[in-house]
Structure formats: structure tokens, C-alpha cells
Amino acid sequence: DYFKKYVLEIGNDVNAITWHHYYGKGTTTTLIDFYSVDVLDRLYNAIDTIMNALKGTSFKGDLWLGETSSTYDGGTKLYSQSYVAGFMWLDNLGFSAYHHKKVFRQDFVGKNYSLLDENNDPLPDYWLSLLHKQLVGRKVLRVEGALEKGR
């Protein structure tokens, strides 16, 4: 409950709150985890916890997903740099759009979950980000079922 205590203390003295989200640990996440509904629902659970903590507070600022990717600890070797990680990344971008003003990617270059490889060549999540930005834009449509678990 430290988050709710923190938000109650700061009130509206800040104009944004940022938090981090990963779907799992890089060294233990399996291939199946990258597209498992139960694993993808971890973002739903985290955002639900944050939104419930904000209820009853005076905070009116923005929420930022300030550090995110598929898995932490540098990502999951072989998988975080492949198209299978796109399930997590597009889930992150799409679901976060309902509640967050900004989503920041962890590591642009240098790790297993980077957008560019060590030669600065684009990896799949880079292309998915570009495609998402060009096709989706800024307007968030309310799609039936999009905010439910198991979406």
C-alpha cells in the first residue's frame, strides 16, 4: 500500500506518476510465456492495482509507463529480440493507451529487449512500434472487451 500512501501524500504536487512493468524475469520466461494470456494479464493486474490505488486520492496528473519491455534482467535471450515478443509489446502499447499518456521503452540499443541490435539495425519490436504509431495514432477507441482479463 506504499503507492497509495505516496499518492495521498503528494496530492497534485506532481503532474505525472511513472512506474515500470515487465511480464517476467528474462532468465526464467519461456517461449510459451510470450503469448500466454495468463502472462499477458500481468499488465492488466498491475494497471488495475494502480487505478484502484488512485481511487479516493486527489491526483489528477498523468500516468506514464516509464520503463517497460517484455522481460527484465536484459530480456530473454533469443525470444525478446524476435517477433514472438511482439505479443507482449503490442499488448503493452494497446492496453496502456487506455490509461497512460506515455509509454517509454527500456533500452533503445544494447540488450536482448532493445529496439535496435548492436549494429543499430532495427529489431521486430522497432517495426511493431513504428507500425503501431502509423496505424493507430493518438485516438484511443473503446473496443468492447479490450479492458477485460483474457482479452
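Along the sequence shown, residues are numbered consecutively beginning with 1.
Under the side chain to side chain contact (heavy atoms under 4.5 Å, CB included) criterion, I50 pairs with F3, W19, L54, L63, sequence neighbours left out. Not counting sequence neighbours, L78 has no partner by the side chain to side chain contact (heavy atoms under 4.5 Å, CB included) test. Scored by the ring pair (Phe, Tyr, Trp, His ring centres under 6.0 Å) test, Y113 finds no partners at all (sequence neighbours excluded). Partners of S36 according to the side chain to side chain contact (heavy atoms under 4.5 Å, CB included) rule, which considers only residues two or more places apart in sequence or in another chain, are D38, V39. Applying the side chain to side chain donor-acceptor pair (under 3.5 Å) rule to Y22 yields the partners E67; only residues at least two apart in sequence or on another chain are considered. Every residue two or more places apart in sequence or in another chain that forms a side chain to side chain donor-acceptor pair (under 3.5 Å) with T68 is listed here: N92. Taking the salt bridge (Lys or Arg N to Asp or Glu O under 4.0 Å) definition, one finds that K25 meets it with D73, sequence neighbours left out. Take D33 and apply the salt bridge (Lys or Arg N to Asp or Glu O under 4.0 Å) test, not counting sequence neighbours, and it matches no residue. Annotation: side chain to side chain donor-acceptor pair (under 3.5 Å) contacts of W64 (sequence neighbours excluded): none. The side chain to side chain donor-acceptor pair (under 3.5 Å) check on K149 picks up N45, with sequence neighbours excluded. For N15, there are no side chain to side chain contact (heavy atoms under 4.5 Å, CB included) partners two or more places apart in sequence or in a different chain.
Of the N and O atoms on the side chains of W89 and S129, at least one donor lies less than 3.5 Å from an acceptor on the other residue. Remark: the Y23 side chain and the D91 side chain contain an N/O donor-acceptor pair separated by less than 3.5 Å. Between the side chains of T71 and T29, no donor-acceptor pair is found at a separation under 3.5 Å.
At a threshold of 4.5 Å between non-hydrogen side-chain atoms, the residues S114 and Y126 do not count as touching. The shortest side-chain heavy-atom distance between L93 and V103 falls under the 4.5 Å cut-off. Considering only heavy atoms from C-beta on, V7 comes within 4.5 Å of I17 through its side chain. Residues Y44 and V37 have side chains not in contact (no heavy-atom distance under 4.5 Å, counting atoms from C-beta outward). Side-chain contact between Y79 and F34 is present, with heavy atoms from C-beta onward closer than 4.5 Å. Using a 4.5 Å cut-off on side-chain heavy atoms (C-beta onward), H100 and I47 make contact. Contact annotation: the side chain of Q106 never approaches that of Y72 to less than 4.5 Å [non-hydrogen atoms, C-beta and beyond]. The shortest side-chain heavy-atom distance between N112 and T76 does not fall under the 4.5 Å cut-off.
Shown are H21, H20, R105; of these, the side chain to side chain donor-acceptor pair (under 3.5 Å) with S69 is made only by R105.
Linking Ile, Leu, Val, Met, Phe, Trp and Tyr whenever their side-chain heavy atoms come within less than 4.5 Å leaves L130 and L90 in two separate clusters. Under the 4.5 Å side-chain heavy-atom criterion for ILVMFWY residues, a single connected hydrophobic cluster contains both F108 and W127.
Counting heavy-atom neighbours within 6.0 Å of K111 NZ, excluding the residue itself, gives a total of 12 or less. The neighbour count for I32 CD1, taken as heavy atoms of other residues, nucleotides or ligands under 6.0 Å away, does not exceed 12.
Among pairs with a residue in residues 42-62, none fulfils salt bridge (Lys or Arg N to Asp or Glu O under 4.0 Å), at least two apart in sequence or across chains.
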* To do: Start with the C-alpha gap between L40 and Y35, add the side-chain angles, then the distance that decides, and say whether side-chain contact (heavy atoms from CB on, under 4.5 Å) holds.
  => CA-CA 7 Å; L40 293 174; Y35 54 87; 5.6 Å; no
